[in-house]
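See below for the structure under consideration.
Predicted model only: the values in this text are computed from it and were never measured. Start at 1 and go down the list; that is how both ligands and their atoms are numbered. When reading the values below, keep in mind they use all heavy atoms of this one structure, side chains included, and skip hydrogens, waters and symmetry mates.
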Amino acid sequence: MKRYIGVLLISIMFVNCKETTSAQQQIKIKETQASEIRDIMSLLASDELEGRDTGSEGLEKAALFVEKEFKNSGIKPYFETYRDVFDAKGTETFNVVGYLKGTDEKLANEFIILGAHLDHIGTGKEVDGDTIANGANDNAAGSTAVITLAKQLSALKSNKRSILFVLFGAEEKGLLGSKHLAGILKEKNIDLYTMVNFEMIGVPLNNKSYKAYITGYEKSNMAAKINEYSGSELIGFLPKAKEFQLFQRSDNYPFYKQFNVPCQTISTFDFTNYQYYHHVDDEVSEMNFEFMASLIDACVPSILKISNTATKEIKLN
Ligand SMILES: [Zn+2]
């Protein structure tokens, strides 16, 4: 039986400061079902994909799946193909880069990057005969967020600024994919407004008033703006993230270095809620699909607002 797909009506205020007038635009966001998240996660973190190691057949299968999802939802390749190929210490690999052009002639020249790393470590220390490090939370979860956001935003087609959806390669080898792409985009001299990266969002935070935290919290007003745009306490500050310098440890960092604009990672891994980091038991069975769906949907209105404000309101402190 087909499940009923709920439609969430979200009102977003678009305020034009110059004229101090405001117009309310209603945007229909199709509610993401936990089953949709489960289906994508079950594929990306399956044993068949062998832990998505750089250069592996499993990573190739993951990329083919992402490309099919992009194509089916009207996300175009940003380069000649979806692949941005690069060398990872002697192994040829790639980022998958999808493109949703902005609807406003002028603002379409400004870019927002939504990213997550698709690769993982392949294998890990054996537990009960299992050696495949499936990387469900790290980072099939973030990849699923980017794929789902691409579908959502492509269906809405209300983004005035352009959006790149990037599944990075070779993050686990030292952020090699993001370093490569940040360099290429800097050479092309694109006007990057901001980058939002997704890492380990498969399990809710323990006892927090906010839904997720952002790395580099104090570096910009991004968390405050996202909360303002979403009208809820979506993003908070996790002291441990600062203590462990997570801001510098994911794919947001090379973009921050190249462009000196707000580039930060949204995560829900809080060092207490998940014991399988880089462990063969980082499996789909440990994930909370309802939570993931709700977090992803909660991000949509903010991302739209980021892409539609008259000026760049998110700034470095
Ligand atoms: Zn990761």
Side-chain angles (χ1 to χ4, degrees), residues 37 40-41 43-46 49-56 58-59 62-63 66 88-89 93-96 113-125 132-149 165-182 195-205 212-216 238 240-257 263-284 286-288 291-292 295-296 299:
I37 300 297
I40 302 174
M41 288 291 290
L43 190 138
L44 292 179
S46 64
L49 268 58
E50 299 170 322
R52 306 184 305 281
D53 201 2
T54 299
S56 71
L59 184 65
V66 174
K89 297 173 183 165
T93 190
F94 50 80
N95 301 308
V96 180
I113 296 177
L114 302 179
H117 72 90
L118 185 63
D119 71 301
H120 193 54
I121 56 171
T123 54
K125 193 166 168 275
I132 300 173
N134 301 77
N137 203 13
D138 186 16
N139 188 28
S143 299
T144 299
V146 172
I147 294 165
T148 306
L149 288 170
F165 300 91
V166 186
L167 285 305
F168 294 105
E171 189 268 357
E172 303 283 7
K173 304 285 183 202
L175 314 183
L176 299 184
S178 47
K179 279 178 191 164
H180 177 79
L181 184 62
M195 191 266 190
V196 182
N197 192 50
F198 294 85
E199 269 270 11
M200 300 184 75
I201 56 147
V203 178
L205 291 163
Y213 69 86
I214 200 160
T215 65
L238 185 82
K240 276 250 185 263
K242 189 175 181 185
E243 187 187 329
F244 287 88
Q245 297 186 302
L246 297 190
F247 176 70
Q248 301 174 33
R249 290 175 54 189
S250 194
D251 291 315
N252 59 287
Y253 190 61
F255 291 92
Y256 166 74
K257 292 288 280 182
C263 298
Q264 291 165 258
T265 291
I266 288 176
S267 177
T268 62
F269 171 65
D270 67 4
F271 300 85
T272 66
N273 62 355
Y274 202 65
Q275 50 182 321
Y276 303 123
Y277 175 72
H278 284 199
H279 189 288
V280 297
D281 289 341
D282 181 5
E283 306 247 18
V284 161
E286 304 294 328
M287 301 291 101
N288 184 329
F291 169 73
M292 289 180 67
L295 175 60
I296 292 165
C299 289

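Just one residue in the list Val96, Leu114, Ile113 forms a side chain to side chain contact (heavy atoms under 4.5 Å, CB included) with Phe165, and that residue is Leu114.
By the criterion of a separation under 2.8 Å, the protein N/O/S atoms near the Zn ion (ligand 1) amount to His117 NE2, Asp138 OD1, Glu199 OE1, Glu199 OE2.
A search for side-chain contact (heavy atoms from CB on, under 4.5 Å) contacts involving Gln245 returns Gln248, not counting sequence neighbours.
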Q: Determine, step by step, whether Asp138 and Arg52 satisfy the salt bridge (Lys or Arg N to Asp or Glu O under 4.0 Å) criterion, reporting the C-alpha distance in whole Å, the side-chain angles of both residues, the deciding distance to 0.1 Å, and the verdict.
A: CA-CA 11 Å; Asp138 186 16; Arg52 306 184 305 281; over 6 Å; no
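Ring centers of Tyr253 and Phe255: at least 6.0 Å apart, outside the cut-off.
Residues Phe269 and Leu238 approach most closely at O-CD2, 4.2 Å, considering heavy atoms. Counting all heavy atoms, side chain and backbone alike, Ser178 lies closest to Asn95 at N-OD1, 4.4 Å.
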